[in-house]
Amino acid sequence: MSQRIKIKALLESGKTDIDVTIKGWVRTFRNNQFIALNDGSTNSNLQIVVDFENTDPVLLKRITTGAAISASGLLVASLGKGQTVEVKAKNIEILGDSDPEKYPLQPKKHSLEFLREIAHLRFRTNTFGAIFRVRNSLSFAIHQFFQERGFVYLHTPVITASDAEGAGETFHVTNFDLANPPKTPTGEIDFKQDFFGKATNLTVSGQLEGELGAMALSDIYTFGPTFRAENSNTTRHLAEFWMIEPEMAFYDLNDNMDLAEALLKYVIRYALDKNKEDIEFLTQRLLDEEKQKPQNERSELSLLDKLQFCLDNEFERLTYTEAIDILKESTPNKKKKFQYPVEGWGTDLQSEHERYLVEKHFKKPVILTDYPKDIKAFYMRQNEPDANGRETVRAMDILFPGIGEIVGGSQREERLEKLEQRMDEMGIPKEELWWYLDTRRFGACQHAGFGLGFERLVLFVTGMGNIRDVIPFPRFPKNAEF
């Protein structure tokens, strides 16, 4: 019996006149003769030619859209249009029937909103097949990038008692009977009786634990799920998402920027090399979608051009202060075209400001550094006040076309007294983070790190417009299906 081979490998092999066995799902069945078969390895279907005159009519009726089949026969050069090779079937076996009256993915165009409702089946469409093959490549490339550079992959905890950002938007973890939790004499919930003996939550970041690893292993990275209980229904937010968070001992801010730029270029290049066909399909999909928009809302660059744009340009590096000066003097700000006007120093930059810098002003990816202390997290290294007495931190954000911020990071504050002072200012209890402060007590050194939201990266590389479409099973307010 001939061995099963995947359609992508078969099409790339260039072989003909060999016996093959192909297994997959029926996309279409025309004229009782031509099956378009797909196994998810590529968007290209393989045509299976059925000798319908010598095939059981009962079997033919079971070859329906969505059915799983196995087809064995001779692979030959195709004389028809649309494919280079086809299989002349000698044997067809139905592995799993699909009722054509009930199967929701008929051979027609479906809206993304509809496909989100049937996320368990949307992998079978060309769009989502392409997205998740690209996601797979980006995931592999991230590991390969860090492994080639001697980083240690560290699994940081999903359950934690700390909130790294201090935002307080966390999911609680408990094994209490929610209808009757134990109470303290003052009527509060007694978390000392909970499973972990204290209040715990799902992690919002692996950074703080990652820093502990870097203080012994030098260079580490985490790549795992993180959770935010933020009641946000935007196209950019998820309640469960994946983060890549490297932490590097002996790095300063410049080293941090160099690494982040190298990582982004590496993984984009990898996807372009590995998933050329998928990215070309997604580029065309985006072009077709943009034709429905008014001219002024269309992207200046195609998806392929946008990706190449990030590879071809050195990222522009400037301080937050320089960026504010540019934005204040910009035409859209003067003409009040920004939804959020840039009033002056201290303004928290919005996506529209970030995109202006990238797409209009510099026309290249941008890295902003040295943000005001008051709008950044407690763990960022403090700079000396400038001539105007303004206090900044060694933060850095990487801004991309069409998406705004894609990476956020900083040089970390390694000076114990400065870190404790900042925690006091922000009301972060030092006794709860005693273990984090220990890394500043014993062998502290300059170090840095950053976070890259994986779904944001996939969103950028696939050109999709909604983050719910680049994660297999999106979690967002009022939705935890599948």
Side-chain angles (χ1 to χ4, degrees), residues 142 145-154 156 162 164-166 205-223 243-264 266 314-315 317-322 366-386 390-398 405-426 428 430 433-452:
I142 282 160
F145 173 86
F146 286 117
Q147 293 297 326
E148 283 175 0
R149 285 158 180 75
F151 278 64
V152 174
Y153 178 32
L154 198 70
T156 52
S162 71
E165 299 293 333
S205 167
Q207 178 204 313
L208 302 188
E209 293 89 351
E211 284 186 52
L212 310 185
M215 290 300 99
L217 302 166
S218 285
D219 300 327
I220 68 94
Y221 71 105
T222 77
F223 186 177
M243 287 288 289
I244 299 102
E245 298 178 290
E247 291 292 328
M248 295 76 60
F250 315 113
Y251 267 50
D252 66 13
L253 190 67
N254 289 319
D255 300 323
N256 205 25
M257 290 191 281
D258 291 344
L259 186 78
E261 181 172 344
L263 169 66
L264 288 166
Y266 184 100
E314 293 297 311
F315 294 7
R317 301 180 183 190
L318 70 156
T319 66
Y320 165 90
T321 303
E322 290 166 331
V366 168
I367 310 182
L368 288 187
T369 65
D370 301 292
Y371 281 77
K373 183 174 91 166
D374 290 343
I375 60 172
K376 286 296 181 182
F378 76 93
Y379 48 72
M380 297 186 177
R381 193 180 206 278
Q382 297 167 50
N383 292 317
E384 290 302 313
D386 69 10
R390 297 181 298 202
E391 295 184 296
T392 58
V393 289
R394 300 291 280 155
M396 68 110 179
D397 286 348
I398 300 186
E405 184 197 329
I406 195 165
V407 163
S410 70
Q411 187 172 327
R412 312 312 189 189
E413 182 57 84
E414 83 281 10
R415 297 165 297 183
L416 179 64
E417 66 286 355
K418 289 276 190 186
L419 185 58
E420 288 186 323
Q421 181 189 341
R422 188 74 184 119
M423 290 171 78
D424 287 340
E425 286 172 12
M426 295 181 73
I428 295 169
K430 297 195 290 288
L433 289 175
W434 61 271
W435 46 271
Y436 184 69
L437 294 170
D438 266 2
T439 58
R440 276 67 176 175
R441 291 188 181 102
F442 311 123
C445 67
Q446 169 181 281
H447 62 289
F450 60 84
L452 166 60

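- A donor-acceptor contact closer than 3.5 angstrom is absent between the side chains of Glu247 and His447.
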Step-by-step side chain to side chain contact (heavy atoms under 4.5 Å, CB included) determination, Glu314 to Glu261: CA-CA 9 Å; Glu314 293 297 311; Glu261 181 172 344; 3.6 Å; yes
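- Contact between Gln446 and Tyr251 at its shortest, heavy atoms only, is CG-O, 3.2 Å.
- Nearest approach of Ala249 to Ala214, heavy atoms of both residues: CB-O, 3.5 Å.
- Aromatic ring orientation, Tyr436 versus Phe378: perpendicular (interplanar angle above 60°, classes split at 30° and 60°).
- Smallest separation of non-hydrogen atoms from Ala448 and Asn256: CB-CG, 3.8 Å.
- From Asn254, atom CG reaches atom CZ of Arg317 across 6.5 Å, with rounding to the nearest 0.5 Å.
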Side chain to side chain contact (heavy atoms under 4.5 Å, CB included) between Asp424 and Lys430: does it pass, once the steps are laid out? CA-CA 8 Å; Asp424 287 340; Lys430 297 195 290 288; 2.6 Å; yes
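- Atom CD1 of residue Ile398 and atom CG of residue Leu452 lie 8.5 Å apart, to the nearest 0.5 angstrom.
- Note that the CD atom of Glu211 and the CZ atom of Arg440 stand 4.5 Å from one another [nearest 0.5 Å].
- When all heavy atoms of Phe223 and Tyr153 are compared, the pair lying nearest together is O-OH, 3.1 Å.
- Taken from CG in Asp219 to CE in Met248, the straight-line distance is 7.0 Å, to the nearest 0.5 Å.
- Atom CG of Leu419 sits about 6.0 Å away from atom CE of Met423, to the nearest 0.5 Å.
- Electrostatic pairing of Asp370 and Arg390 does not count as a salt bridge here, judged by no charged N lying under 4.0 Å from a carboxylate O.
- When atom types are taken as modelled, the side chain of Glu413 and the backbone of Lys418 share no donor-acceptor pair closer than 3.5 angstrom.
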Stepwise salt bridge (charged side-chain N to carboxylate O under 4.0 Å, His left out) test for Glu420 and Arg441: CA-CA 11 Å; Glu420 288 186 323; Arg441 291 188 181 102; 3.7 Å; yes
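- A donor-acceptor contact shorter than 3.5 Å links the side chain of Arg415 to the backbone of Gln382.
- The side-chain contact (heavy atoms from CB on, under 4.5 Å) with Asp397 is formed by just one residue from the set Tyr371, Tyr320, Phe450; it is Tyr371.
- With respect to Arg422 and Glu391, no salt bridge is recorded, no charged nitrogen being found less than 4.0 Å from a carboxylate O.
- The neighbour count for Phe250 CZ, taken as heavy atoms of other residues, nucleotides or ligands under 6.0 Å away, does not exceed 12.
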Under the salt bridge (charged side-chain N to carboxylate O under 4.0 Å, His left out) rule, what do Arg412 and Glu414 come out as? Steps first, then yes or no, please. CA-CA 6 Å; Arg412 312 312 189 189; Glu414 83 281 10; over 6 Å; no
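- With rounding to the nearest 0.5 angstrom, the OG1 atom of Thr222 is 8.0 Å from the CD1 atom of Ile244.
- Judged purely by atom type and a 3.5 angstrom limit, Glu245 has no side-chain atom pairing as donor or acceptor with the backbone of Gly449.
- Note that Arg149 lies in the cation-pi zone of Phe145, set by a 6.0 Å cut-off to the ring centre and a 45° limit from the axis.
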Walk me through it: do Leu263 and Tyr221 pass the test side chain to side chain contact (heavy atoms under 4.5 Å, CB included)? CA-CA 12 Å; Leu263 169 66; Tyr221 71 105; over 6 Å; no
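- Remark: the backbone N or O of Ser410 is not paired with any side-chain donor or acceptor of Tyr379 at under 3.5 angstrom.
- Leu368 has its side chain within reach of Leu318: a pair of non-hydrogen atoms, C-beta onward, lies under 4.5 Å apart.
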